[in-house]
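Notes follow the structure.
Side chains included, hydrogens not; waters and symmetry mates left out as well; all remaining heavy atoms used. Labels below follow one simple rule: chain letters A, B, ... track the order of the sequence lines, proteins then strands, and each chain is numbered from 1. Predicted, not measured: the structure shown is a model, and the values here were computed from it.
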Protein chains: 2
Amino acid sequence: MPRSTPSGKEPLSRARVLRAAIALADAEGIEKVSMRRLAEALGVVPMALYKHVADKDDLVDGMVDTLIGDVPPVAEPRPGKWRAPVRETISGTRDVITSHPWARRAFETRTLRTPAVLGYMERLSQIFLRAGFSADLTHHVMHLLGARIWGISPELFTAPDGVPMAQRRVTSGTPDPADYPGIMAIAADAAARRPGAASCDEDAEFDFALEVILDGIARLRRTGWDSGRSTRGQRVPSRSSRN
Amino acid sequence: MPRSTPSGKEPLSRARVLRAAIALADAEGIEKVSMRRLAEALGVVPMALYKHVADKDDLVDGMVDTLIGDVPPVAEPRPGKWRAPVRETISGTRDVITSHPWARRAFETRTLRTPAVLGYMERLSQIFLRAGFSADLTHHVMHLLGARIWGISPELFTAPDGVPMAQRRVTSGTPDPADYPGIMAIAADAAARRPGAASCDEDAEFDFALEVILDGIARLRRTGWDSGRSTRGQRVPSRSSRN
DNA sequence: TTGACGATGTGTACAGCGTACACCTATCGT
DNA sequence: ACGATAGGTGTACGCTGTACACATCGTCAA
């Protein structure tokens, strides 16, 4: 391990590279993060980065991993309690991810199994397991939460107030609001409830959806669900048995 | 409008470009779809594409839009019925999207409001509205469904059987399974229930989660939910009021 | 003390990308 | 008959990720 004597400048390290990349993405947007620009920001030649990062993909993986590592753990839940700890854990993740605008996209794009990501999933799973959920139920409940374990949800209606919802590219036709009366009704209703707001209250929608899902989880637990029996009577011929 | 007489070869068109791009993505993966390669596949010079597509982004938007346009509509639901039509609509979308491996990523990555996409959201919204849901409830229910309206859900445990879950890049440490006892317990349980399977039954998980969510929706409707009151007693200080 | 080694940073080079811009040509409306 | 215009061509530019050969330097064994 070299560079024990700081010969003028701080030596590079994976952590330093990742932190710089995150800072750069925060400041200029993730699409501006190129190996060259990042190297420049670190006062180093581009190829130097490859000593600490396998390739660009690994760089972004590392950025996401670092972010998840920053999520504060919640206090050990009291026995049998799971709802509040889950809510708080996810809320903490949402805080971290939404404070880095590029992170949501990065997260949706990759299926990471890095140490911090696995550690996070472990923590969340343990909340359920320690509250007495079976491994089976915990597994399904994690799937039910889906991307919401990362505190993210898709922006469904980018601009629910009548007009600016239409901003198509030049080459294809601009959609006509009159073709979407249902959506317009929803947009009008939402706009009436939140005067002045230009789009959905994403935080409120997230909280709402999470609560409904947590209700569902509570019910599964109460009724002693396990994957042997199905949730409900009327099921469509299950896709899994269909092909 | 030129080229009315077919002078040898089929003229280019936005639709033809998009179909070719989809075919190319299906065959070689979306990352291999470059303007140059696509042009070559169409027997045309790269810049020719720009007469039908604004830029690369518009190309991918168009591909996704085309795909959604291919989702077959469901029959007009009988009055008051919403659950089966919603399930069938989403199931149809899932069929389409999962048959193009690149489409899930493409969908997660972009927030599209193209005609076909809006049309699809309109159809789904109308099922609820026509079943007597208020605009308010329909709005929230769409958010609750989230990315699942596209028939997609994240791959949470890529390989839930003990070993291959660890496949990190060279530069960062390989995670140690012993650090994740909860996840390993889940993986072991899942593996025991589906011998021979290497990963989760994504279709079954999707169906399961969708049913739980539909249960939640049914309950909201039954209890006459509206966005004035909250879902349940114990709420964390709402993020929307927190900052 | 020496000297080989391994880890780190440098420099050059290359193939591939998206696309701006100028151009040619065939077609259509007048 | 003719100018406008839409569609296809060719060239060129700046940017990307990264392979590869090289220089530098701290560490440890001999």
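B/D70 meets the salt bridge (Lys or Arg N to Asp or Glu O under 4.0 Å) test with B/R19; sequence neighbours excluded. Among residues two or more places apart in sequence or in another chain, the ring-ring contact (aromatic ring centres under 6.0 Å, His included) test is passed with B/Y180 by none. Residues meeting the salt bridge (Lys or Arg N to Asp or Glu O under 4.0 Å) test with B/R16, sequence neighbours left out: none. Partners of B/E205 under the salt bridge (Lys or Arg N to Asp or Glu O under 4.0 Å) rule, at least two apart in sequence or in another chain, do not exist in this structure.
Distance CD (A/E40) to P (C/dT10): 13 Å, rounded to an integer number of Å. Between the CG atom of B/L49 and the P atom of D/dG10 there is a distance of 14 Å, given to the nearest Å. The distance from atom CZ of A/R16 to atom P of C/dT8 is 13 Å, rounded to the nearest whole Å.
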Exercise. Going 5' to 3' through nucleotides 14-23 of chain C, assign each nucleotide B (protein heavy atom under 4.0 Å from a base atom), S (under 4.0 Å only from sugar-phosphate atoms) or - (no protein heavy atom that close).
Key: ---BBBBB--
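Residue-level contact check: B/V45 touches the bases, meaning some heavy atom is under 4.0 Å from a base atom.
Between A/F206 and B/H143, the distance separating the two ring centers is not shorter than 6.0 angstrom.
Proximity of B/H52 to the phosphate of D/dG8: a side-chain N or O atom is located under 4.0 Å from OP1 or OP2.
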Let me check something: any side-chain donor-acceptor pairs from residues 30-43 of chain A under 3.5 Å, sequence neighbours excluded? List them with distances.
from	atom 1	to	atom 2	distance (Å)
A/S34	OG	A/R37	N	3.1
A/R37	NE	A/K32	O	2.8

